[in-house]
Amino acid sequence: MSGFVALIRRDLTLAARVGGDVLTVVLFFALIGIVLPFAIGPDRPLLTRLAPAIIMTAILLALLLAIDRLFRADHEDGTLAAMRFGHLPLEAVVFAKMIAQWLTTALPLLLATPLMGFMLNLPPALLGRTLIVLLLGTPALISFGAIGAAVTVTLRRGGLLAPILVLPLCLPTLIFAVGALDDTAPGSADAAFWFLAGIALLATAFTPFIAAYTLRLGSE
Amino acid sequence: MTKTAIPGANGPDQPEMAPGSSAFPPAFALGCPRLAVRSLECHRGDFAVFTGLDLNAGPGEAILLRGPNGAGKSTLLGALAGLFRPFSGQIEWLDCDPEIPLTHYLHMLGHLSAVKPSLTVSENLGFWRTLYGGTGDPDEAAFAAGLDGLEDIEAGVLSQGQTRRLGLARLLVAARPVWLLDEPTAGLDAAGEAWVAGLIARQIEMGGLVIAATHLPIALPETTTVTTLTLAGRQLQ
């Protein structure tokens, strides 16, 4: 077993044993879906129109809520420093942790999305496209979040700083993700979809290098 | 289940491992490099923690770093490990294969033990073995660290001293020639201190290089080549 797979497996094991963190993220996501229909009132067409935007916003906030712990625990118990001497380059460590983070936060959210769509009166025909857009958008959001987490890892009380720091970076992803779900304008929806795909590819490709560089600087 | 006697497991005065018994810890995969440090100056923040430091070391040597708090012992270890760049001066690791990253020659034990509380003792060691590309058996390492019988227990329930032992056992699952140790005996009992001394003595005997920062005296055998380097600290400069 390579170090890369071992690290992903370790992070999944840790998430499964601690458990509460995964549940918190999904509950936070679901709560937005429960509360907003009450706030908007009994206007089903309006809710249908807003559903994609609400789902994307809820996903963004839930992912950013969880991103702070990406490197924090490993930094605080010395694991991150010890991993610098492993056979896995720090860039690969970051990438492995991003994959594990996606599996433990984004994947549960994706699984909860059909329920969310039901609560927000999302047209069933749009659900498949929503899931595909999420499949593209969540890696981009986790990438931007990972950069924020790497920047704030040495701060004793990073807390909400990382989400606030990377929120501006995440806005294009949000805009294009919601745009790709606009079924009133198919042409611009397709363009938004490909923009989203481009952002996701670039962000995922470059983040391991940026975050690893930041982590190296942070340890000096 | 029988375990082979681990030299140093119960103190440095234990008889050496009988020839022919299973080799643990295994031999180094890489040759031991030599270290040459010339007029090194390191800064923490705005002030210089030490200046004009010279140090030469090679296979089979132990260097003990001493000095008051803030004298730069940990800073020196970090600089030697390549974790941060010195302000001026040179650190050279000679006899290294340029194709292999320096970090593959080194074990660095910081003051944090890098133990995951929700993984078991052998899961912790198994993870480091894979990540470090080591060949040492995690259960044997746990046994050597005096954690036998606790292999399947979550590391979170270990005491502070046992956690430190588990942190040290990480060095045994992957054999590497150079050990950089920061206060290796902190939090250990007398038997633990003797065990660490035995580990260091064994590492040196195998032709390794150990550089350890420590306040507590480490009782190494008389035959070991020990150089003590005392860092003066700021107030004496």
Side-chain angles (χ1 to χ4, degrees), chain A residues 1-23 69-97 99-101 104 150 153-156 212-220, chain B residues 29-30 42-45 74-75 77-87 100-120 123-134 138 154-156 163-164 166-168 170-171 173-174 176 178-180 182:
Chain A
M1 186 169 56
S2 76
F4 191 78
V5 179
L7 182 53
I8 295 176
R9 260 184 62 158
R10 187 209 68 157
D11 273 10
L12 295 184
T13 310
L14 289 175
R17 295 220 178 132
V18 180
D21 287 341
V22 176
L23 204 61
R69 64 163 191 264
L70 181 58
F71 301 115
R72 186 162 299 280
D74 278 341
H75 173 76
E76 281 174 355
D77 64 13
T79 304
L80 204 57
M83 285 199 283
R84 301 274 295 269
F85 298 88
H87 280 195
L88 207 58
L90 198 53
E91 288 79 8
V93 168
V94 170
F95 193 52
K97 290 190 72 71
I99 292 175
Q101 180 80 5
T104 54
V153 72
T154 50
L155 303 175
R156 188 95 13 120
Y213 180 73
T214 313
L215 289 173
R216 284 202 185 94
L217 278 186
S219 72
E220 287 205 10
Chain B
L30 300 165
C42 283
H43 287 209
R44 290 310 262 168
S74 307
T75 306
L77 287 176
L80 293 180
L83 291 185
F84 36 79
R85 262 164 302 173
F87 183 75
I100 299 172
L102 172 66
T103 47
H104 291 194
Y105 287 90
L106 310 177
H107 264 314
M108 167 115 184
L109 182 82
H111 59 280
L112 297 168
S113 295
V115 165
K116 282 284 158 208
S118 46
L119 295 183
T120 67
E123 280 172 340
N124 266 295
L125 291 173
F127 170 69
W128 288 117
R129 184 178 113 124
T130 311
L131 207 72
Y132 283 164
E154 285 196 3
T163 306
R164 191 65 178 161
L166 181 50
L168 278 153
R170 187 181 84 219
L171 310 190
V173 291
R176 291 185 170 187
V178 181
W179 285 6
L180 304 172
D182 196 354

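Atom set for the values below is all heavy atoms of this structure, side chains included, hydrogens, waters and symmetry mates excluded.
- When heavy atoms are compared at a cutoff of 4.5 Å, A:Leu80 does not approach chain B at all.
- Taking the side chain to side chain contact (heavy atoms under 4.5 Å, CB included) definition, one finds that B:Ala79 meets it with B:Cys42, B:Phe84, B:Ile91, sequence neighbours left out.
- Other residues, nucleotides and ligands contribute over 12 non-hydrogen atoms within 6.0 Å of the CZ atom of A:Phe4.
- Note: B:Lys116 leads B:His111, B:Met108, B:Glu123, B:Lys116 in heavy-atom pairs under 4.5 Å with chain A.
- Heavy atoms of A:Arg84 lying under 4.5 Å from chain B belong to its backbone as well as its side chain.
- Interface check for chain A: of the options B:Gly126, B:Ser118, B:Pro117, the most heavy-atom pairs under 4.5 Å are formed by B:Ser118.
- Heavy-atom pairs under 4.5 Å with chain B peak, among A:Leu14, A:Leu88, A:Thr13, at A:Leu14.
- Within 6.0 Å of the OH atom in B:Tyr132, the count of heavy atoms belonging to other residues, nucleotides or ligands exceeds 12.
- Of all the listed residues (B:Thr75, B:Leu106, B:Leu112), the one sharing the greatest number of non-hydrogen pairs under 4.5 Å with chain A is B:Leu112.
- Residue A:Ala82 touches chain B through both its backbone and its side chain, counting heavy-atom pairs closer than 4.5 Å.
- In this structure, chain B has a heavy atom under 4.5 Å from the side chain of A:Val18, while its backbone stays farther away.
- Sparse packing is recorded around CZ of B:Arg85, with 12 or fewer heavy atoms of other residues, nucleotides or ligands lying under 6.0 Å away.
- Heavy-atom pairs under 4.5 Å with chain A were tallied for B:Thr103, B:Leu102, B:Leu109; the largest tally goes to B:Thr103.
- Screening A:Arg10, A:His87, A:Met83 against B:Leu131 for a side-chain contact (heavy atoms from CB on, under 4.5 Å) leaves a single residue, A:Met83.
- Looking at A:Leu7, A:Ile99, A:Thr104 one by one, the single match for side-chain contact (heavy atoms from CB on, under 4.5 Å) with A:Leu12 turns out to be A:Thr104.
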Before giving the answer on side chain to side chain contact (heavy atoms under 4.5 Å, CB included), spell out for B:Val115 and A:Asp77 the whole-Å C-alpha distance, their side-chain angles and the decisive distance to 0.1 Å.
CA-CA 7 Å; B:Val115 165; A:Asp77 64 13; over 6 Å; no
